[in-house]
Chemist: 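One structure is given below, represented as structure tokens, and several questions about it will come after.
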Amino acid sequence: MSDDFTIESLELDELFTEVNAVDVYQVKSERSQFLHAFEGKISVAEEQFTIQLALPPLFPLKKPMYFLKNCQEAGFIPHIEPDGFICYSHEEGLLLDRNNPKGIIHESFQRVKRTLEEGVLKLNLEDFLLEFEALWSRQKGIGLVDAIITPEESFKKILIFNDEKRGKSILLDSINKSTVQYLNYLYSSSNVLDEFNKRNGIYIPLRKSPALKPPAFWETWDIRDYRQLINNNITASTKRRLNQYLKRKFIQKGNEEYIILGIPISKGQRAFIGLKLSDFRVDQEKGKKFPFLHPLKKNQAAFEITPLYIKRHDKEYLLNRTQGHNRISDKKVTVVGLGSLGSRICFELARAGVEKFTLIDNDALDIDNVYRHELGISDVYFKGTERYYHFPKTEAMKRAMKNKFPFIEIKYETSDILDIIHEEPGLLLESDLVIIALGSPTEELYVNEMMRQMYGAPPILFTWLDPLGLGGHALSMKKEATGCFQCLFTQPDTPSRLIANQASFAAPGQNFRKSLAGCQSVFTPYGSIDALETAVMATRLALRVLTGEEKGSPLMSWKGDSTELLSQGYQLSQRYGFSSEVLFDTRYLYKNENCVICQVGETS
């Protein structure tokens, strides 16, 4: 990038008074190496501040940085970091006009000035709540702990398990089967409850208050400061329960006490901060011996205070970060067919917030398919006592999904769906949605017919791929709505006779099966990315069904590139000529009024 940036070319004298170019080493920050640095004074709310402007080497592709030369000069205000850095915007989604470096400087300067002004005039005190965790984490000597704690509105006891040798701790508000399983996955198959030391602690929810803010970077709080923070910012009921606990709590030699505070940041959401009290010993001045009262009750001992930054692992927090659908967390989905399409749908539904799965497939993962499957090479074999065995897809998927999403519940049946329909139909009926990704129209048509006849049958979603990257499809149906999978195969005049799938983008009567090594390696050619795109479309439709947003029985299709198919001498169907807009607008028009399965009386 050009380095021809001067006070004159950037017109910095319009922004600062007493502005000078300074050596980049005068900017006391380790955030970046800088190409240029300038220093000047600005007036904010009738106060003068010395500001340093530092340009990174990739400016104007990277934003300019501004620093308060003395980070304490403006007092403790939001959006100022310990090195004086003024956080005036976030990198994510930031658009810079690299052809206008002067414009970038002048616009960013106004944002910096506004940030300082709002802080000095105390107009943005609520930002202390939004940034509480981040500001708290800047303290010297802070420890890092994991936590599975539900941010409730009432005081409660918590448990702490720590591995002192490896320096790892986790905070829990309860112990149950799924939590223990999560811990063992998280810490590399350790048996946490047996191998970690158990400690005690408390969770205290604070109430929203303008006075609620973390310690300034240059301050070190003692237990009296924390006691004041808590007592001044809790409800009467929380104070009563806290005092009941403290009356009965005595500190013995070797104890460690953990205090977790819930900081209200918005409606229904809380941030977590923590303290560890340790190394309790006799305070020679006080002369009190063990046992001591809890320090939140009365300070009778000497001890160390370690602030804790809490890395949250609770489901509510993780799903909110990914826009997880909390409305579907209690839904149960059955997925039939765990190939390249079904396996990806399972993972995407779990990422979206579905917690209960039933997986049905009677096949094992073969090495031939690992390049277009969600599972991989480590899921092909498992070692028995005397030999190696192929992993059934159901078991391998359960293991892979639990490794990634340990809170979810998974049942599985390594069986043929046709057997299950006749012998264990309850597996399907207890679901909120059944997804069929078999890639076998004959079996799928039979499942469609049987499910339409079942009393209380849940919605069902069929999904499949066209060959050679031509596209993919998903059709959802509800028993009470018209339209079903059979409609795509029903002749208008002779409904008892089947025809080729009318949704296909390939013309009927063509054979797309390929073989690399005889009959045992026959497959339909499509790429991993085709399965992925179809899985995304099918998952979006599944979520609309689970949340009740989808009332009908739509046929959704995405259309790919026909180049490869045409180059091999195959032909396209008439439907391939429809635009994406027409495909969407006609998603309910596939229904056949002569369908022998759903018996549509009229299109809707």
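In what follows, residues are counted from 1 in the order of the sequence shown.
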Chemist: Report yes or no: is the cationic atom of Arg575 (NZ for Lys, CZ for Arg) under 6.0 Å from the centre of the six-membered ring of Phe578, at an angle within 45° of the ring normal?
Modeler: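 Not flagged: Arg575 not positioned over aromatic ring of Phe578.
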
Chemist: Once rounded to the nearest 0.5 Å, what's the spacing between atom NZ of Lys478 and atom NZ of Lys551?
Modeler: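 Nearest 0.5 Å value for the NZ-NZ distance: 6.0 Å.
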
Chemist: State which residues pass salt bridge (charged side-chain N to carboxylate O under 4.0 Å, His left out) with Glu152; sequence neighbours excluded, sorted by chain then number.
Modeler: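 Salt bridge (charged side-chain N to carboxylate O under 4.0 Å, His left out) check on Glu152 returns Lys156.
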
Chemist: Compare all side-chain heavy atoms of Cys484 with those of Cys595 and state whether any distance is below 4.5 angstrom.
Modeler: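 They are in contact (side-chain heavy atoms under 4.5 Å apart), so the answer is yes.
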
Chemist: After noting the C-alpha distance and the side-chain angles of Gln502 and Ile499, does the key distance pass the side chain to side chain contact (heavy atoms under 4.5 Å, CB included) rule?
Modeler: CA-CA 8 Å; Gln502 297 177 80; Ile499 59 175; 3.7 Å; yes

Chemist: Determine the minimum heavy-atom distance between Ala350 and Phe357, stating which atoms define it.
Modeler: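 Between these two residues, the closest heavy atoms are N-CZ, 3.7 Å.
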
Chemist: Just wondering, more than 12 heavy atoms not from Leu566 lying within 6.0 Å of its CG?
Modeler: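 Check passes, neighbour count above 12.
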
Chemist: Near Arg166 CZ, under 6.0 Å, is it more than 12 heavy atoms from other residues, nucleotides or ligands?
Modeler: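 Atom CZ in Arg166 is not crowded, with 12 or fewer foreign heavy atoms closer than 6.0 Å.
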
Chemist: Indicate yes or no for a side-chain donor-acceptor contact from Glu409 to the backbone of Glu355 under 3.5 Å, with no hydrogens or angles considered.
Modeler: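 Pair absent, no side-chain N/O of Glu409 close to backbone of Glu355.
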
Chemist: Is a donor on one side and an acceptor on the other found under 3.5 Å between the side chain of Tyr576 and the backbone of Gly560?
Modeler: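 At least one qualifying donor-acceptor pair exists.
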
Chemist: Of the non-hydrogen atoms in Val192 and Phe161, which two are nearest, and what is the gap between them?
Modeler: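 Heavy atoms only, the tightest pair is CG1-CB, 4.1 Å.
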
Chemist: Taking all atoms of both residues into account, what is the closest heavy-atom pair of Cys346 and Leu338, and its distance?
Modeler: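 Taking every non-hydrogen atom into account, SG-CD2, 3.9 Å.
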
Chemist: Would you say Ile345 and Ile435 make side-chain contact, with heavy atoms under 4.5 Å?
Modeler: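 A side-chain contact exists here, since the closest heavy-atom pair is under 4.5 Å.
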
Chemist: Is there side-chain contact between Tyr88 and Ser108, with heavy atoms separated by less than 4.5 Å?
Modeler: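 Sidechains of Ser108 and Tyr88: in contact.
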
Chemist: Does CD in Glu480 sit with more than 12 non-hydrogen atoms of other residues, nucleotides or ligands closer than 6.0 Å?
Modeler: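 Atom CD in Glu480 is packed in, count exceeds 12.
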
Chemist: Do Asp97 and Asn100 have a side chain donor and acceptor closer than 3.5 Å?
Modeler: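 Asn100 and Asp97 do not have a side-chain donor-acceptor pair below 3.5 Å.
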
Chemist: What class does the angle between the rings of Tyr182 and Phe407 fall in, given that below 30° is parallel, 30 to 60° is tilted and above 60° is perpendicular?
Modeler: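 The rings of Tyr182 and Phe407 lie parallel, inter-plane angle below 30°.
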
Chemist: Write down the atom of Val354, the atom of Leu546, and the distance for their closest heavy-atom approach.
Modeler: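 Residues Val354 and Leu546, closest heavy atoms: CG2-CD1, 4.0 Å.
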
Chemist: Do we see a donor-acceptor contact under 3.5 Å between the side chains of Arg344 and Ser528?
Modeler: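 Yes.
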
Chemist: Where does the angle between the aromatic ring planes of Phe505 and His473 fall among parallel (under 30°), tilted (30 to 60°) and perpendicular (over 60°)?
Modeler: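 Rings of Phe505 and His473: tilted, 30 to 60°.
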
Chemist: Tell me, please, which residues at least two apart from Arg544 pass side chain to side chain contact (heavy atoms under 4.5 Å, CB included).
Modeler: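 Once residues adjacent in sequence are excluded, the partners of Arg544 under the side chain to side chain contact (heavy atoms under 4.5 Å, CB included) criterion are Glu549, Glu550.
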
Chemist: Determine the minimum heavy-atom distance between Cys598 and Arg452, stating which atoms define it.
Modeler: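 That would be CB-NH2, 3.3 Å.
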
Chemist: Give the ring-plane orientation class for Phe272 versus Tyr203, where under 30° counts as parallel, over 60° as perpendicular and anything between as tilted.
Modeler: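 Correct class here is perpendicular.
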
Chemist: Is the ring centre of Phe196 less than 6.0 Å from the ring centre of Tyr187?
Modeler: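 So the answer is yes for these two rings.
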
Chemist: Is a donor on one side and an acceptor on the other found under 3.5 Å between the side chain of Glu413 and the backbone of Asp361?
Modeler: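 Not a single qualifying donor-acceptor pair exists.
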
Chemist: Let me see the working for Phe584 and Ser557 under side chain to side chain contact (heavy atoms under 4.5 Å, CB included), right down to the final yes or no.
Modeler: CA-CA 8 Å; Phe584 180 78; Ser557 299; over 6 Å; no

Chemist: Taking Arg399 for its side chain and Ala396 for its backbone only, find out whether a donor-acceptor pair lies under 3.5 Å.
Modeler: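 Looks like no, no N/O pair under 3.5 Å.
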
Chemist: Evaluate Arg351 against Glu348 for salt bridge (Lys or Arg N to Asp or Glu O under 4.0 Å), listing each step before the verdict.
Modeler: CA-CA 5 Å; Arg351 290 185 177 101; Glu348 291 309 312; 2.7 Å; yes

Chemist: Backbone N or O of Asn191 within a donor-acceptor pair of the Glu195 side chain at under 3.5 Å?
Modeler: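 Indeed, once roles are kept as given, a pair shorter than 3.5 Å links the two residues.
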
Chemist: Find the distance between CD1 (Ile175) and NZ (Lys177) and round it off to the nearest 0.5 Å.
Modeler: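 Going from the CD1 atom of Ile175 to the NZ atom of Lys177 covers 15.5 Å.
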
Chemist: Rounded to the nearest 0.5 Å, how far does SG of Cys487 lie from CG of Asn501?
Modeler: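 Between atom CG of Asn501 and atom SG of Cys487 there are 11.5 Å.
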
Chemist: Rounded to the nearest 0.5 Å, how far apart are CD1 of Ile421 and CE of Met451?
Modeler: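 Nearest 0.5 Å value for the CD1-CE distance: 7.0 Å.
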
Chemist: Is it the case that the side chains of Thr394 and Thr414 hold a donor-acceptor pair, with the cut-off being a distance below 3.5 Å and no angle test?
Modeler: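 Yes, a side-chain donor-acceptor pair sits under 3.5 Å.
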
Chemist: What distance do Leu543 atom CG and Leu433 atom CG have between them, rounded to the nearest 0.5 Å?
Modeler: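 Between atom CG of Leu543 and atom CG of Leu433 there are 9.5 Å.
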
Chemist: Applying side-chain hydrogen bond (donor to acceptor under 3.5 Å, both in side chains), can you list everything that pairs with Arg540, at least two apart in sequence or on another chain?
Modeler: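 For Arg540, no residue satisfies side-chain hydrogen bond (donor to acceptor under 3.5 Å, both in side chains) once neighbours in sequence are set aside.
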
Chemist: Would you indicate whether the side-chain heavy atoms of Asn162 and Lys168 approach each other to under 4.5 Å?
Modeler: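 No; the side chains remain at least 4.5 Å from each other.
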
Chemist: Would one find more than 12 heavy atoms of other residues, nucleotides or ligands at under 6.0 Å from atom CD of Glu126?
Modeler: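 No, because the 6.0 Å sphere around CD of Glu126 holds 12 heavy atoms or fewer from other groups.
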
Chemist: May I ask you to decide if Val582's main-chain N or O and Ser579's side chain share a donor-acceptor pair within less than 3.5 Å?
Modeler: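 Indeed, once roles are kept as given, a pair shorter than 3.5 Å links the two residues.
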
Chemist: Arg270 and Glu153: salt bridge (Lys or Arg N to Asp or Glu O under 4.0 Å), yes or no, with the steps?
Modeler: CA-CA 9 Å; Arg270 288 184 177 272; Glu153 302 298 315; 2.8 Å; yes

Chemist: When you measure from the side chain of Lys63 to the backbone N and O of Ser89, does any donor-acceptor pair fall under 3.5 Å?
Modeler: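 Side chain of Lys63 to backbone of Ser89: a pair is present.
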
Chemist: Keeping Lys331 on the side-chain end and Lys356 on the backbone end, is there a donor-acceptor pair under 3.5 Å?
Modeler: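 The answer is no, because no donor-acceptor pair under 3.5 Å joins these two groups.
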
Chemist: Would a distance-only check, ignoring hydrogens and angles, find a side-chain to backbone donor-acceptor pair under 3.5 Å from Tyr570 to Asn511?
Modeler: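 Answer holds: yes.
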
Chemist: Check whether any side-chain heavy atom of Ile360 lies under 4.5 Å from a side-chain heavy atom of Leu428, and answer yes or no.
Modeler: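 They are in side-chain contact.
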
Chemist: Could you tell me which non-hydrogen atom of Leu565 sits nearest to which non-hydrogen atom of Leu468, and how far apart they are?
Modeler: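 Nearest pair, atom of Leu565 first, then Leu468: CA-CD1, 3.8 Å.
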
Chemist: Verify, without hydrogens or angle tests, whether Ser504 (side chain) and Ala500 (backbone) share a donor-acceptor contact under 3.5 angstrom.
Modeler: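 Here the side-chain-to-backbone pair does not exist.
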
Chemist: Can you find a pair of side-chain heavy atoms, one from Thr150 and one from Asp314, that are under 4.5 Å apart?
Modeler: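 Contact flag for Thr150/Asp314 side chains = no.
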
Chemist: Does any donor atom in the side chain of Asn176 or Thr179 lie under 3.5 Å from an acceptor atom in the other side chain?
Modeler: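 Yes, Thr179 and Asn176 have a side-chain donor paired with an acceptor closer than 3.5 Å.
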
Chemist: Could you tell me if the side chain of Gln510 sits less than 4.5 Å from the side chain of Gln571, heavy atoms only?
Modeler: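 A side-chain contact exists here, since the closest heavy-atom pair is under 4.5 Å.
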
Chemist: Using the side chain to side chain contact (heavy atoms under 4.5 Å, CB included) rule, take Ile597 and Thr490 through it: C-alpha gap first, then chi angles, then the decisive distance, then the call.
Modeler: CA-CA 10 Å; Ile597 302 302; Thr490 297; over 6 Å; no

Chemist: For Asp146, run the side-chain hydrogen bond (donor to acceptor under 3.5 Å, both in side chains) check against His313, Lys311, Arg312 and tell me which one passes.
Modeler: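 Of all the options given, the one that passes is His313.
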
Chemist: Kindly determine whether Ile460 and Phe462 satisfy side chain to side chain contact (heavy atoms under 4.5 Å, CB included), including the steps that lead there.
Modeler: CA-CA 7 Å; Ile460 185 168; Phe462 295 90; 3.7 Å; yes

Chemist: Supply the atom-to-atom distance Thr539 OG1 to Leu461 CG, rounded to the nearest 0.5 angstrom.
Modeler: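 Atom-to-atom, Thr539:OG1 and Leu461:CG are 9.0 Å apart.
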
Chemist: Cation-pi check for Phe347 against Lys404: NZ or CZ below 6.0 Å from the six-membered ring centre and within 45 degrees of the axis, yes or no?
Modeler: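 Lys404 over Phe347 ring: no.
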
Chemist: Would you say Ile310 and Ile149 make side-chain contact, with heavy atoms under 4.5 Å?
Modeler: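 The answer is no; the side chains never approach within 4.5 Å.
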
